[in-house]
Amino acid sequence: MLLPADLPTPLQVLDDPDFAAAGVELRLKRDDLAHPTVPGNKWRKLAPNLAHAVETGAVGLLTYGGAYSTHLRAVAAAAGALGLASIGVVRGEELERAPRNWSLRAAEADGMELRFVSRSDYRRLLTERRAPGEGWLVLPEGGSNALAVRGAAAIPAELPDLGPNDLLVCPVGTGGTLAGVAAGLTGGARALGVAVLRGEGYLEDEVRSLHQAAYGRQFTTWSIDHAHHGGGYGRVSPQLTAFAAEFEQRHGLRPELRYVAKTLRAVHQRLMAGELVAGTRVTVVVTGLPDPE
Ligand SMILES: *Cc1c(COP(=O)(O)O)cnc(C)c1O
């Protein structure tokens with residue numbers, strides 16, 4: 001059985017001297033605490049897809065991811081708990097013979113069958129989206145489809161009293177979370193996505209097509225920051241690590257590095273550059289948990 005989520009996730013107000021000096025309020029929406037086994041924003045995005053799978057009597061879930069994909073782990077955990085089969089198509093044929101890293105090991109332990117493919121096959125399979133058999137549901141990379149966007153729209157819906165001074169900030173990997181957050185805003189609030197990879201233009205197109213697929217319309221409530229990906233996906237600089245350590249010291253929360261710390265640092269750098277006007281209330285969505293050390 002799939003354990004229930006713990007909703008609404010906590011909203012935490014931080015006491016941070018840099019933000020206080022600028023007259024900006026900083027809050028965390030603790031989506032890292034949403035679910036005991038399906039991590040962070042992956043639960044938000046999967047929940048409507050799982051409901052759909054159960055309603056339609058699906059037998060299994062197939063999806064795609066890299067060597068450390070949180071999405072693969074999340075699908076494996078959810079499918080295992082629901083008694084569904086799961087297949088993970090993994091980018092990198094060389095990983096097949098290597099000792100399993102902690103992430104792939106966890107996916108396998110939850111019953112996921114891993115299929116290792118070359119980078120070029122991976123790209124081809126991603127676009128083909130072929131189901132391996134009758135009754136299988138195929139989920140895109142990162143889990144971002146129309147249902148996922150609607151799931152992520154529940155994040156701002158849990159925030160009371162949003163107004164024009166509110167800025168919700170989240171990381172952008174495939175754009176599903178930002179698309180949902182932007183669509184669920186009320187009261188004239190705005191959303192800012194922090195790209196964690198090089199994707200100027202491409203990521204905006206992704207968000208727009210997700211909005212079209214989920215709602216049949218566009219939204220003007222959002223934008224993407226492309227200045228803080230730090231060189232690309234998975235690039236963790238010593239400066240980023242130092243920022244994360246200092247953040248943990250100040251606030252007692254160890255931020256996940258590839259997405260959450262990048263986003264928090266982007267917000268801090270924008271603050272220090274005077275790009276956040278006094279009176280702004282910033283709410284950063286903590287989309288996931290740190291990797292095991
Ligand atoms: C997968 C992931 C994201 C990316 O979300 P998208 O909806 O793909 O943009 C952000 N943060 C964390 C912690 C993640 O694991």
Side-chain angles (χ1 to χ4, degrees), residues 9 28-35 37-49 63-78 88 91 102-103 106-107 126 139-156 168-184 191-200 202-211 213-214 222-226 228-230 232-234 236 240 244 253-267 284-292:
T9 57
L28 300 182
K29 177 66 171 154
R30 295 292 304 275
D31 259 37
D32 52 324
L33 304 175
H35 195 273
T37 58
V38 183
N41 70 336
K42 300 304 181 285
W43 186 84
R44 295 277 189 188
K45 298 199 288 182
L46 270 177
N49 281 289
T63 194
Y64 315 84
Y68 289 93
S69 167
T70 304
H71 171 63
L72 282 186
R73 277 199 317 282
V75 169
R91 183 179 56 231
W102 65 271
S103 186
L126 260 187
L139 298 173
E141 195 178 37
S144 290
N145 57 15
L147 286 173
V149 171
R150 291 174 171 277
I155 300 171
L168 268 70
V169 187
C170 69
V172 181
T174 61
T177 304
L178 174 62
V181 167
L192 174 71
V194 175
V196 303
L197 46 88
R198 296 171 185 272
E200 194 156 2
Y202 160 79
L203 287 173
E204 279 83 356
D205 287 345
E206 289 295 302
V207 172
R208 279 191 282 266
S209 66
L210 286 167
H211 278 152
W222 59 279
S223 59
I224 300 180
D225 174 317
H226 292 282
H228 296 93
H229 55 65
Y233 182 74
V236 175
L240 181 62
L253 171 79
R254 182 161 71 94
E256 181 278 336
L257 288 172
R258 281 173 297 168
Y259 296 96
V260 179
K262 259 186 199 180
T263 301
L264 288 167
R265 183 160 182 247
V267 170
V284 176
V285 184
V286 180
T287 44
L289 302 136
D291 290 351

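We count ligands from 1, going down the list as the structure has it; atoms in each ligand are counted the same way.
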Per-atom contacts of ligand 1 with [X], taking only distances under 4.0 Å to non-hydrogen atoms:
X      : result
Pro171 : 10 (C), 11 (N)
Ser144 : 7 (O)
Lys45  : 5 (O), 6 (P), 7 (O), 8 (O)
Gly288 : 13 (C)
Val172 : 9 (O)
Thr177 : 5 (O), 6 (P), 7 (O)

Who's the nearest protein heavy-atom neighbour of [atom], and how far?
atom                    : answer
atom 8 (O) of ligand 1  : Thr174 OG1, 2.5 Å
atom 11 (N) of ligand 1 : Thr287 OG1, 2.6 Å
atom 4 (C) of ligand 1  : Tyr259 CE2, 3.6 Å

**Request:** Please lay out, stage by stage, how Asp291 and Leu257 fare under the test side chain to side chain contact (heavy atoms under 4.5 Å, CB included).
**Result:** CA-CA 8 Å; Asp291 290 351; Leu257 288 172; over 6 Å; no
**Message:** Please determine whether any non-hydrogen atom of Gly40 lies less than 4.0 Å from an atom of ligand 1.
**Reply:** no
**Prompt:** Can a non-hydrogen atom of Lys42 be found less than 4.0 Å from any atom of ligand 1?
**Reply:** yes
**Prompt:** Does the N or O separation between Val260 and ligand 1 drop below 3.5 Å for any pair?
**Reply:** no
**Message:** When you compare ligand 1 with Glu256, is there at least one nitrogen or oxygen pair between them that comes in under 3.5 angstrom?
**Reply:** no
**Item:** Residues Glu204 and His226: side-chain donor-acceptor under 3.5 angstrom
**Value:** yes
**Message:** Distance alone, cut at 3.5 Å: any donor-acceptor contact between the side chains of Arg91 and Tyr64?
**Reply:** no
Nearest 0.5 angstrom please: [X] [atom1] to [Y] [atom2], how far?
X      : Y      : atom1 : atom2 : result
Leu178 : Asn41  : CG    : CG    : 11.5 Å
Leu168 : Trp222 : CG    : CH2   : 15.0 Å
Lys42  : His71  : NZ    : NE2   : 8.0 Å

**Request:** Keeping the roles fixed (side chain from Lys45, backbone from Gly142), state whether a donor-acceptor pair exists under 3.5 Å.
**Result:** yes
**Fill in**
From the list Arg30, Lys29, His35, side-chain hydrogen bond (donor to acceptor under 3.5 Å, both in side chains) with Thr9 holds only for Lys29
**Request:** Determine whether Thr177 and Val172 make a side-chain contact, defined as any pair of heavy atoms from C-beta on separated by less than 4.5 Å.
**Result:** no
**Side chain, backbone, both or neither: the part of Asn41 lying under 4.0 Å from ligand 1 by heavy atom** = side chain
